[in-house]
Amino acid sequence: ISTSALKIAEQNAAQNGVAERIRFLQSDLLAAVAGESFDAIVSNPPYIAESERKDLPKEVRDYEPAQALFAGPTGLEFYRRLIPAAQPSLVPGGCLLMEIGHGQREAVAALLQGWEAVEFISDLQGIPRVSVASKQ
């Protein structure tokens with residue numbers, strides 16, 4: 001949804017010689033691709049609760065765009081919107097991959113009930129950081 005982030009992504013793609021292979025769209029969730037089907041949907045959403053703002057390192061809190069970090073009161077608000085929106089946009093067997101915040105594994109797993117092959121990939125510190133779920 002960020003115009004400036006989209007421009008940076010376009011510049012990065014051009015600098016790396018892949019711009020012609022990417023379709024850049026400004027959209028809230030999957031609205032701009034409604035009716036299309038995908039093998040995978042990958043998301044690095046905002047997942048920090050507003051109440052955690054004061055606990056973030058200054059270099060993150062003061063320099064990263066707030067809309068890229070904060071997802072609302074619980075930090076799960078984005079997942080509550082994306083998970084049901086992804087179902088009709090994935091082909092059967094398609095995957096939804098999402099970065100998750102520290103301590104969100106159980107809550108995200110609950111939101112993914114009804115999906116197949118739900119698993120979590122941990123970072124180098126052993127903290128679950130990516131959820132992977134397949135559409136039935």
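Each residue takes its place number in the sequence, starting with 1.
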- Task: Look at atom CG of D39 and say whether more than 12 heavy atoms of other residues, nucleotides or ligands are closer to it than 6.0 Å.
- Result: no

- Stepwise, does the side-chain contact (heavy atoms from CB on, under 4.5 Å) test hold for R23 with V33? CA-CA 11 Å; R23 179 173 53 151; V33 293; 3.8 Å; yes

- Message: Please check: side-chain N/O of Q113 versus main-chain N/O of L111, any donor-acceptor pairing under 3.5 Å?
- Response: no

- Message: Keeping Q26 on the side-chain end and L6 on the backbone end, is there a donor-acceptor pair under 3.5 Å?
- Response: no

- Check: D123 side chain, Q125 main-chain N or O, donor-acceptor pair, under 3.5 Å: yes

- Task: Taking all non-hydrogen atoms of both residues into account, name the closest pair between P88 and A85 and its distance.
- Result: CD-O, 3.3 Å

- Is F24 reachable from I8 through a run of I, L, V, M, F, W or Y residues, each pair having side-chain heavy atoms under 4.5 Å apart? no

- Check step by step if side-chain contact (heavy atoms from CB on, under 4.5 Å) holds for M98 and F78. CA-CA 11 Å; M98 303 178 296; F78 188 89; 5.9 Å; no

- Flag, side chain of K135 to backbone of Q87, donor-acceptor distance under 3.5 Å: yes

- Is it the case that more than 12 heavy atoms not belonging to E20 sit under 6.0 Å from its CD atom? yes

- Could you pull out the closest heavy-atom pair between S51 and P73, with the gap in Å? OG-O, 4.4 Å

- Note on the structure: Output for pair (I22 CD1, E10 CD), nearest 0.5 Å, gives 9.5 Å

- Could you give the distance from CD (Q67) to OG (S4), rounded to the nearest 0.5 Å? 7.5 Å

- Message: If hydrophobic clusters are built from ILVMFWY residues whose side chains come within less than 4.5 Å, do V132 and V118 share one?
- Response: no

- Euclidean distance, S131 OG relative to L97 CG, rounded to 0.5 Å: 7.0 Å

- Would V42 end up clustered with L25 when hydrophobic side chains under 4.5 Å apart are linked, directly or stepwise? no

- Message: I'd like to know if I48 and I1 are part of one continuous hydrophobic network [Ile/Leu/Val/Met/Phe/Trp/Tyr, side-chain heavy atoms within less than 4.5 Å].
- Response: no

- Message: As an exercise, state the distance from CD of E77 to CZ of F70, rounded to the nearest 0.5 Å.
- Response: 12.5 Å

- Task: With rounding to the nearest 0.5 Å, note down the distance linking OH in Y47 to NE2 in H102.
- Result: 10.5 Å

- Message: Testing the basics here: between G75 and A71, what is the closest heavy-atom pair and its distance to 0.1 Å?
- Response: O-CB, 3.7 Å

- Item | I83 vs W115 side-chain heavy atoms within contact, under 4.5 Å | yes

- Message: With side-chain contact (heavy atoms from CB on, under 4.5 Å) as the criterion, how do V108 and F120 come out once you've worked through the C-alpha distance, each side chain's angles and the decisive distance to 0.1 Å?
- Response: CA-CA 10 Å; V108 172; F120 293 85; 4.2 Å; yes

- Message: Measuring from atom CD of Q104 to atom OG1 of T74, what distance do you get when rounded to the nearest 0.5 angstrom?
- Response: 8.0 Å

- A86 to L30 - nearest heavy-atom pair and separation: CA-CD1, 3.9 Å

- Are the charged groups of E50 and R53 less than 4.0 angstrom apart, N to O? yes

- Message: So L82 and L96, do their side chains get closer than 4.5 Å, heavy atoms only?
- Response: yes

- Query: Is there a donor-acceptor pair closer than 3.5 Å between any side-chain N or O of Q136 and the backbone N or O of G114?
  - Reply: yes

- Query: Is I100 close to P128 at the side-chain level, that is, under 4.5 Å between some pair of heavy atoms?
  - Reply: yes

